[in-house]
There are 2 protein chains.
Amino acid sequence: MMAKATDTAERIVAAAERRMRDGGFHGFSFREIAADVGVKSASVHHHFATKQDLAAAAVRRYVDRHMSALGDPDDPGRTPDELIVLYIDLFRHDLVKDCQMCLCGVLASEAAALDSAVAREVRVFFDRNRAWLEAVLKRVMPNARPGEIRGKALTATATLEGALLTAHCLGETEVFESVVVELAKILSG
Amino acid sequence: MMAKATDTAERIVAAAERRMRDGGFHGFSFREIAADVGVKSASVHHHFATKQDLAAAAVRRYVDRHMSALGDPDDPGRTPDELIVLYIDLFRHDLVKDCQMCLCGVLASEAAALDSAVAREVRVFFDRNRAWLEAVLKRVMPNARPGEIRGKALTATATLEGALLTAHCLGETEVFESVVVELAKILSG
DNA sequence: GTCTATAATTTGATAGAC
DNA sequence: GTCTATCAAATTATAGAC
């Protein structure tokens, strides 16, 4: 029985995400992706014309998955504290499971050498994270200045990205937990 | 007049550092380095046999420069607060000047796809940063548990790396400053 | 120490059969 | 939609003249 066409495309972006999370945009090739999926590199090109197209699609899929997991920041059925724990857990999950970096963290570090279309998608990740966190933080500190809310939101993402980076490099997930303890003080104070 | 041999080697590692800070280990080639320096790629190989050798040398040079700029964390002529400001300034400098990432931050993000010798040099960066910060923090909170000192030291580096990453990607140095404001609370409290 | 020349491999990408 | 076959270019790296 033949797999659906969309299935192959899906497996291609999944393989691209995995490869990029390990070695960045310049750290993978069409042939590696093809081997991962079990097709030939010409088939990868059939689904994604250029490497930039493939990378951009992988980032879009990653960001959508990330934001879907976060859900509505104004959901009255969840407390701000629960939402912040959820946010941190999302970054922690792939680190403790596979010592994996955040896809957008990896690509952000090589932003200067990235295709502009790919770089734009990566910036979307940070923008949507900021907007989601601002909504959550507005609930916990309704009287804070917008600039302060924005600063704390950016700090939360930046801190978690840095914690991921450091823990990933040192191979110590405990580093991530150390940082989370300190981050909690920022978000509550 | 001919430039000294060591001069060419120095200019080669400098070019490699610059290229890697933009695009990571897989984001540069010997020919690009050669063109930057004004020699042929065979001459680059004369000074550094392999790409791994060149990358490792660039990291060692970067780390030595970084630690030299920090100096002695126990220097009685400088207060802990001054030292922490110096530490933050060191990360800020190349960001505001050229929107440049930290070399070891870039390489840490692609650690999984890095040659083991290069990866080891990158880990040295984080280890020496931690040791320096632990010495400084011991002075400002002499009664804190070693685990807490270590946690705060790791958090400081991780937070600054994340701030650099985010600001670099978004092209907004203000993001870095927002994070620094919050970081100050961690290091003082 | 730098060069020319080149080997050996890999890269992103395309043409065209099935 | 997948394949074989291939291209043109780029890659790391080496051999040997000067």
Side-chain angles (χ1 to χ4, degrees), chain A residues 1-20 22-59 106-107 110 112-119 121, chain B residues 1-20 22-59 106-107 110 112-119 121:
Chain A
M1 183 145 71
M2 208 56 177
K4 279 187 305 183
T6 52
D7 224 65
T8 300
E10 161 69 18
R11 288 166 60 210
I12 287 171
V13 273
E17 178 191 322
R18 185 61 200 244
R19 290 273 178 185
M20 282 196 287
D22 278 354
F25 178 81
H26 301 93
F28 79 97
S29 72
F30 273 74
R31 279 174 172 78
E32 287 172 328
I33 299 294
D36 289 345
V37 174
V39 295
K40 296 297 174 181
S41 71
S43 297
V44 179
H45 276 287
H46 171 77
H47 291 280
F48 302 94
T50 69
K51 197 180 181 184
Q52 287 79 14
D53 288 341
L54 174 53
V59 174
V106 175
L107 295 179
E110 50 181 347
L114 235 46
D115 175 82
S116 66
V118 179
E121 299 295 340
Chain B
M1 181 143 74
M2 207 60 175
K4 277 187 306 181
T6 53
D7 224 65
T8 300
E10 160 69 19
R11 287 166 61 210
I12 287 171
V13 274
E17 176 190 323
R18 186 60 200 246
R19 291 273 177 184
M20 283 197 286
D22 278 354
F25 179 82
H26 301 93
F28 80 97
S29 72
F30 273 71
R31 276 176 173 75
E32 287 172 328
I33 299 294
D36 290 344
V37 174
V39 294
K40 297 296 174 182
S41 71
S43 296
V44 180
H45 277 286
H46 171 76
H47 291 280
F48 302 95
T50 69
K51 197 179 182 184
Q52 287 79 15
D53 288 341
L54 173 53
V59 174
V106 176
L107 295 179
E110 51 180 346
L114 234 45
D115 175 81
S116 65
V118 180
E121 298 295 340

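When reading the values below, keep in mind they use all heavy atoms of this one structure, side chains included, and skip hydrogens, waters and symmetry mates. Labels below follow one simple rule: chain letters A, B, ... track the order of the sequence lines, proteins then strands, and each chain is numbered from 1.
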Between [N] atom [atom2] and [X] atom [atom1], what is the distance in whole Å?
X: A:His47; N: C:dG12; atom1: NE2; atom2: P; value: 17 Å
X: A:Leu54; N: C:dA13; atom1: CG; atom2: P; value: 10 Å
X: B:His26; N: C:dG12; atom1: NE2; atom2: C1'; value: 17 Å
X: A:Glu32; N: D:dT11; atom1: CD; atom2: C1'; value: 14 Å

So which heavy atom on [X] is nearest to which on [Y], and how close?
X: B:Thr50; Y: B:Phe30; value: C-CZ, 3.7 Å
X: A:Glu110; Y: A:His26; value: OE1-ND1, 3.3 Å
X: A:Ala9; Y: A:His47; value: CB-ND1, 3.7 Å

Problem - Residue closer to the 5' end of DNA chain D, B:Phe28 versus A:Ile12 (nearest nucleotide) - result: A:Ile12

For a quick test of reading the model: is some side-chain N or O of [X] closer than 4.0 Å to OP1 or OP2 of [N]?
X: A:His46; N: D:dT2; value: no
X: A:Ser29; N: C:dT10; value: no
X: A:Ser43; N: D:dG1; value: no

Are any protein N/O atoms closer than 3.5 Å to N/O atoms in nucleotides 13-18 of chain D? If there are, list each pair with its distance.
from, atom 1, to, atom 2, distance (Å)
D:dA13, OP2, B:Lys51, N, 2.8
D:dA13, N7, B:His45, NE2, 3.2

Handout entry: Test item: B:Val106 and B:Met20 side chains (from C-beta on) under 4.5 Å apart, heavy atoms
Key = no

Practice task
Could you give me the CA-CA distance, side-chain angles and deciding distance for B:Phe28 and B:Asp22, then say whether side-chain contact (heavy atoms from CB on, under 4.5 Å) is met?
Solution key: CA-CA 9 Å; B:Phe28 80 97; B:Asp22 278 354; over 6 Å; no

Kindly list each side-chain donor-acceptor pair under 3.5 angstrom involving residues 36-45 of chain B, sequence neighbours excluded, with atom names and distances?
from, atom 1, to, atom 2, distance (Å)
B:Asp36, OD1, B:Arg19, NH2, 2.9
B:Asp36, OD2, B:Arg19, NE, 2.8
B:Asp36, OD2, B:Arg19, NH2, 3.4
B:His45, ND1, B:Ala49, O, 3.0

